[in-house]
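Following: one structure in structure tokens, then a few remarks.
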Amino acid sequence: MAGVVLSGVTKVFPGGTRAVDAIDLSIGEGEFFSLLGPSGCGKTTTLRMVAGFEAPDAGTILVGGQDMTSLPPERRGMGMVFQNYALFPHRTVAENVAFGLKMRSVPREDQAKRVRNALAMVRLQGLEERRPSQLSGGQQQRVALARAIVIDPTVLLCDEPLGALDKKLRQAMQFELKALHRRLGLTLVYVTHDQEEALTMSDRIAVMRAGRIAQLGAPREIYDRPTSRFVADFIGDTNILEGTASGHMLHLDGWASPLPQALPPGPCAIALRPERVRLGAPGAGLVDATVEEANFLGDAVLLKLLLPGGTAILARAPRETDAALLAPGAAASLAWRAEDPVPLEAA
Amino acid sequence: MAGVVLSGVTKVFPGGTRAVDAIDLSIGEGEFFSLLGPSGCGKTTTLRMVAGFEAPDAGTILVGGQDMTSLPPERRGMGMVFQNYALFPHRTVAENVAFGLKMRSVPREDQAKRVRNALAMVRLQGLEERRPSQLSGGQQQRVALARAIVIDPTVLLCDEPLGALDKKLRQAMQFELKALHRRLGLTLVYVTHDQEEALTMSDRIAVMRAGRIAQLGAPREIYDRPTSRFVADFIGDTNILEGTASGHMLHLDGWASPLPQALPPGPCAIALRPERVRLGAPGAGLVDATVEEANFLGDAVLLKLLLPGGTAILARAPRETDAALLAPGAAASLAWRAEDPVPLEAA
Amino acid sequence: MRAAFLSVCGLVLAFLLLPVLIVLCFAVNPDPFLAFPPSGVSTRWFVKFVTSRDFMAAFGLSLTLGVATVLIAGTMGTLASLALLRSSLPGRRALTGLFLSPIVLPTILTGFALFQLAMVSGVGRNPWILLAGHVVVATPYVMRTVLAVLANFDRSLEEAARGLGATPAQAFREVTLPLIRPGVIAGCLFAFIVSFDQFPVSLFLVSPGNETLPIAMFNYLRFDFDGTIAAASTVSILLAVALVLGIERTIGLQEYAKL
Amino acid sequence: MRAAFLSVCGLVLAFLLLPVLIVLCFAVNPDPFLAFPPSGVSTRWFVKFVTSRDFMAAFGLSLTLGVATVLIAGTMGTLASLALLRSSLPGRRALTGLFLSPIVLPTILTGFALFQLAMVSGVGRNPWILLAGHVVVATPYVMRTVLAVLANFDRSLEEAARGLGATPAQAFREVTLPLIRPGVIAGCLFAFIVSFDQFPVSLFLVSPGNETLPIAMFNYLRFDFDGTIAAASTVSILLAVALVLGIERTIGLQEYAKL
């Protein structure tokens with residue numbers, strides 16, 4: 001009942017920029033849905049219109065079938081986690097979490113019980129009397145989350161909630177947030193500019209660009225089958241190779257790459273993930289390249305190689321690869337399977 | 001001639017904290033050397049003592065065999081790149097880069113030529129007349145780099161120079177900085193809290209903790225053979241398993257892991273990288289575990305599993321892994337080779 | 001280098017505090033003139049000040065006026081600051097700049113203008129006109145500090161409150177008001193001191209026999225010249241110091257120095 | 001809600017600007033009394049002001065005094081701010097707080113104390129004592145703005161300069177000074193306005209026949225009552241407005257509002 005449906009939602013900023021440009025979206029009940037894109041793509045504005053902090057200039061927003069477009073935020077009953085957490089600095093952790101219950105005139109004893117439960121849910125027991133400024137970033141993040149879920153929202157909105165945490169903590173919180181989402185069964189709309197985070201957590205992702213949706217789909221779909229150069233480039237490391245298609249081959253500077261399907265003849269670009277590129281002894285692959293730099297990543301090595309025409313290409317090789325192929329200046333052959341390149345729409 | 005040697009270098013902060021505690025370090029000429037550690041470990045203080053911005057309370061600092069301990073910074077002739085870049089906001093890009101030459105009273109025509117060369121080196125031609133505030137973060141970073149190398153320093157000090165850049169730009173700058181280091185042949189001391197960055201770029205790494213060096217070695221050595229729990233935990237994702245050693249086996253809750261070598265009987269902890277853990281059908285491995293969460297990473301899947309005793313363990317599985325093993329709640333067996341676990345010193 | 005810095009600082013400090021030192025010396029000197037060092041320490045002038053009916057009436061009027069000014073200027077200044085920062089008023093940038101430069105409008109002008117108004121309108125000089133003058137002078141100080149806290153105020157806190165079910169009025173009462181309180185308190189203290197020490201405005205607007213302390217001191221000086229004035233000044237200084245200590249207690253001096 | 005905000009703002013603004021309006025009306029009214037609306041527009045009082053030898057002498061003295069105050073208070077305030085923020089002086093936190101609350105010390109006290117000093121030391125009232133009084137009152141305004149820019153100053157800029165081969169003196173000249181200039185300029189303008197509009201200090205310290213403009217205006221008012229005073233006030237306001245526009249040109253009003 002708590003799906004979110006946006007129809008033709010548009011927001012024009014003073015000055016005329018179309019921050020959000022006639023977006024249609026249908027987010028299923030209980031779905032973990034991410035809005036992903038670079039800064040300024042309109043993802044946060046979209047979220048703020050769902051929350052009620054911005055009024056759309058056109059379009060409607062339905063939640064659970066009910067038109068919310070002109071309701072003030074306090075009457076939408078959604079939970080929101082802000083990027084900077086927006087904890088009330090003059091109130092204790094318990095008071096912060098209880099705020100939404102107080103506004104709903106929940107009886108005092110009931111409030112205390114629900115605050116305890118919410119804090120237990122985010123594993124923050126024992127810090128009830130602290131002020132937000134006495135907490136670490138990760139703890140503040142948990143308080144913000146508890147404050148948002150204590151009011152039993154049917155929709156939880158998150159605006160880059162993990163952006164301020166360091167890498168290790170972010171990974172742990174990703175696991176926790178996913179588990180929490182599953183346990184509570186609520187619809188979650190998640191805004192992020194971090195493609196890894198979106199891939200990791202979401203059921204579906206809408207990649208946004210300049211106020212529009214560039215691609216919408218499940219993480220694997222978006223990762224494996226980006227339709228545009230923008231999405232291919234934004235989602236993970238990608239090589240983009242430009243050449244001339246003819247049938248099942250893409251012709252480049254004196255060599256050719258196989259294509260997964262026959263394409264109409266003419267200029268064409270393909271996206272190729274670095275982990276799909278296999279290194280071999282010179283002469284053994286599709287093309288020979290020169291190693292420019294090899295970066296040790298711990299569980300793998302990321303190489304930057306120069307192709308004959310001078311184009312750089314990234315390859316992710318297993319760390320067991322022959323050391324002779326990893327030295328700067330070395331020659332190595334590159335190969336990939338016909339199904340690995342992804343032809344891109346002309347953008 | 002421009003190796004950096006620290007002997008017994010100590011810095012005590014007002015209040016008595018030993019920010020840097022009798023550190024001995026010998027950095028070779030032309031080496032790319034990283035000081036890696038969490039915030040507050042003393043890495044930046046160490047760098048600032050080498051630069052001359054802090055005076056050590058004890059110990060000596062030699063550069064190229066010459067005692068620098070009590071020289072003011074302007075007489076050390078080193079290049080420094082600051083975390084926030086520290087560009088002069090009231091001067092143009094060209095004036096910023098020329099500053100060090102002006103202080104050295106280099107003739108004007110000479111200045112112009114060297115500024116041009118330095119800007120070409122960091123690929124920033126054509127922006128000479130801009131102000132720093134008109135540049136992007138990545139461009140500011142390049143100006144800071146050009147300003148530091150234009151004076152031909154024999155030692156270049158970098159304090160988290162890429163910390164403020166986004167992931168894509170950081171990766172590109174890592175490649176460039178490494179290439180620049182190789183081309184100029186200077187000694188580079190690099191401070192960072194990002195283990196991936198240190199692994200990627202350095203010839204050698206000193207992992208610091210509470211003012212001391214926890215481990216020193218080449219990136220592969222540190223990644224594969226962490227000696228302490230702190231280093232194992234800080235460098236990359238790691239599982240730490242605690243049990244009782246007896247000969248070549250480590251006994252845990254009703255199961256046992258092989259060890260790379262025989263250990264004296266008694267309590268023992270091992271570190272195990274997630275990418276070393278292989279998933280299989282239940283019953284086929286060392287132990288069976290329950291999948292709690294599976295995060296899609298694009299080129300792999302990161303799983304969080306629960307071991308019989310309730311301990312969580314991370315495993316990085318190839319994305320081709322049987323989907324039945326990746327669903328939350330599924331049972332899977334875990335296995336690894338005897339040489340994969342790394343026994344840790346009692347810490 | 002460091003020694004030079006220290007001595008510069010010491011000299012400037014001494015120079016700026018010279019008037020205070022002179023007044024203190026005079027106030028405790030038992031003789032009716034200034035002497036370095038004082039020929040003794042006496043409370044004689046303080047007693048004379050406290051027992052003077054004229055001075056005490058003036059002191060009372062100044063205190064009353066100060067409190068009334070704080071109440072009116074504090075309310076008006078806070079509301080106007082909110083209106084300035086929160087509305088999308090055309091020209092609000094220029095208005096904000098105007099209010100943030102209070103000393104641009106000479107206070108003597110305020111006194112002169114209100115004096116004329118009182119005369120022309122026929123009401124004459126009375127305590128209400130005096131109060132109006134003080135409020136006009138003190139309000140920009142309140143606005144200055146309130147605008148400063150409001151400029152740093154994180155609007156997402158109000159949004160968080162709204163999202164949790166608070167109406168705009170509730171969000172203001174529960175979140176905004178408690179958080180801008182330091183600015184309001186600092187502004188009110190400024191307003192009190194400005195009113196209590198006000199000279200030019202009061203000079204034009206006090207009615208005879210109903211004078212504020214600074215004016216009473218000035219008039220006394222024209223005929224008498226002894227330590228009573230110094231004692232009165234000392235009391236004013238002590239009051240100001242007590243208020244600054246009050247700020248330190250409530251919002252912290254560091255916080256206040258930023259306003 | 002929005003309408004309420006707008007009207008509050010409008011009312012406060014009108015109230016605060018009332019004195020200015022009154023003065024302007026009076027200044028352009030051809031008759032020698034205040035009238036709403038003015039019975040005409042005339043430059044009669046401006047001409048009388050400009051052609052009055054006494055007023056022009058007072059105007060000249062005020063301008064000279066203002067410039068001298070800016071030079072001395074600007075230098076002293078900048079040096080003292082640097083000393084305060086850069087040395088590890090004991091008690092520098094308290095001293096900074098003290099300097100940042102300039103209006104805590106009543107200006108009438110400064111005038112009174114220096115007046116006594118002049119009398120007791122036998123030098124009598126003279127322009128130098130007057131200048132000293134103005135400097136004492138104006139210096140804290142300079143310190144306030146300079147301390148504000150220094151507090152936000154990024155020390156790593158100086159370190160960068162040192163690392164590139166600059167001596168401490170070169171780093172100060174090439175990097176620090178250009179970057180704190182907005183604070184120094186704003187402080188100097190404040191200092192000028194404070195000096196130019198100074199009333200209580202001047203009242204105690206001017207020598208007869210050698211008066212500043214506010215004192216001359218006050219004295220004129222005691223015997224005459226016409227638009228000349230309003231014209232003189234208008235000139236003061238215009239001067240202040242010109243200075244504020246000058247700030248807008250050099251460092252920007254937004255920047256200045258933060259100081």
Side-chain angles (χ1 to χ4, degrees), chain A residues 14 44 47-54 68 71-91 95-106 111 114-115 118 131-133 140 143-153 155-161, chain C residues 78 82 84-96 145-146 148-188 247-256 258-259:
Chain A
T44 296
L47 192 78
R48 289 172 57 79
M49 287 193 286
V50 175
F53 300 136
E54 309 259 6
M68 294 268 177
L71 277 186
E74 64 268 25
R75 292 182 53 203
R76 299 198 180 193
M78 298 176 180
M80 172 116 179
V81 179
F82 291 81
Q83 186 168 13
N84 61 357
Y85 315 139
L87 298 179
F88 306 131
H90 59 303
R91 291 168 182 268
E95 288 167 354
N96 262 282
V97 177
F99 189 87
L101 302 173
K102 191 173 154 198
M103 290 300 119
R104 282 167 176 70
S105 309
V106 172
Q111 277 188 29
R114 285 171 69 177
V115 167
R131 300 263 161 174
S133 57
Q140 291 184 27
V143 177
L145 202 54
R147 187 177 68 173
I149 61 174
V150 77
I151 57 171
D152 285 333
V155 179
L156 181 61
L157 309 173
C158 297
D159 186 8
E160 311 232 12
Chain C
T78 305
L82 278 167
L84 263 186
L85 266 193
R86 291 302 170 80
S87 68
S88 42
L89 203 66
R92 69 194 189 84
R93 234 194 84 180
L95 280 178
T96 309
T145 58
V146 176
V149 281
L150 275 179
N152 295 324
F153 186 82
D154 179 5
R155 294 293 302 259
S156 70
L157 291 175
E158 284 173 0
E159 290 182 344
R162 296 288 302 279
L164 290 165
T167 61
Q170 283 175 315
F172 180 75
R173 203 171 56 235
E174 299 276 344
V175 177
T176 316
L177 203 55
L179 289 176
I180 65 170
R181 196 166 285 155
V184 175
I185 292 176
C188 286
I247 292 178
E248 169 72 33
R249 276 289 179 84
T250 48
I251 59 171
L253 206 57
Q254 289 295 92
E255 201 53 42
Y256 154 83
K258 279 184 242 142
L259 296 174

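Just so it is clear: chains get the letters A, B, ... in the order the sequence lines come, proteins before strands, and each one is counted from 1.
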Determine, for K102(A) against E95(A), whether the closest basic-nitrogen to carboxylate-oxygen distance falls under 4.0 angstrom.
no

For R104(A), is it the side chain, the backbone, both, or neither that has a heavy atom closer than 4.5 Å to a heavy atom of chain C?
side chain

Under 4.5 Å from any heavy atom of chain A - which part of L157(C)
both

Below 4.5 Å from any heavy atom of chain C, which atoms of M80(A) appear? Answer side chain, backbone, both or neither.
neither

Under 3.5 Å: donor-acceptor pair, side chain of Q83(A), backbone of E160(A):
no

Does a side-chain N-to-carboxylate-O contact under 4.0 Å join D152(A) and R114(A)?
yes

What part of L101(A) is in contact with chain C, defined as an atom under 4.5 angstrom from a non-hydrogen atom: side chain, backbone, both or neither?
neither

Tell me, for F88(A) versus chain C, whether the close heavy atoms (under 4.5 Å) come from the side chain, the backbone, both or neither.
both

So, do E74(A) and Q170(C) sit near enough that their side-chain heavy atoms are less than 4.5 Å apart?
no

Output the distance between atom CE (M68(A)) and atom CE (M49(A)), rounded to the nearest 0.5 Å.
15.5 Å

Under 4.5 Å from any heavy atom of chain C - which part of R147(A)
both

Bottom line for A161(C): the part with an atom under 4.5 Å from chain A's heavy atoms is both

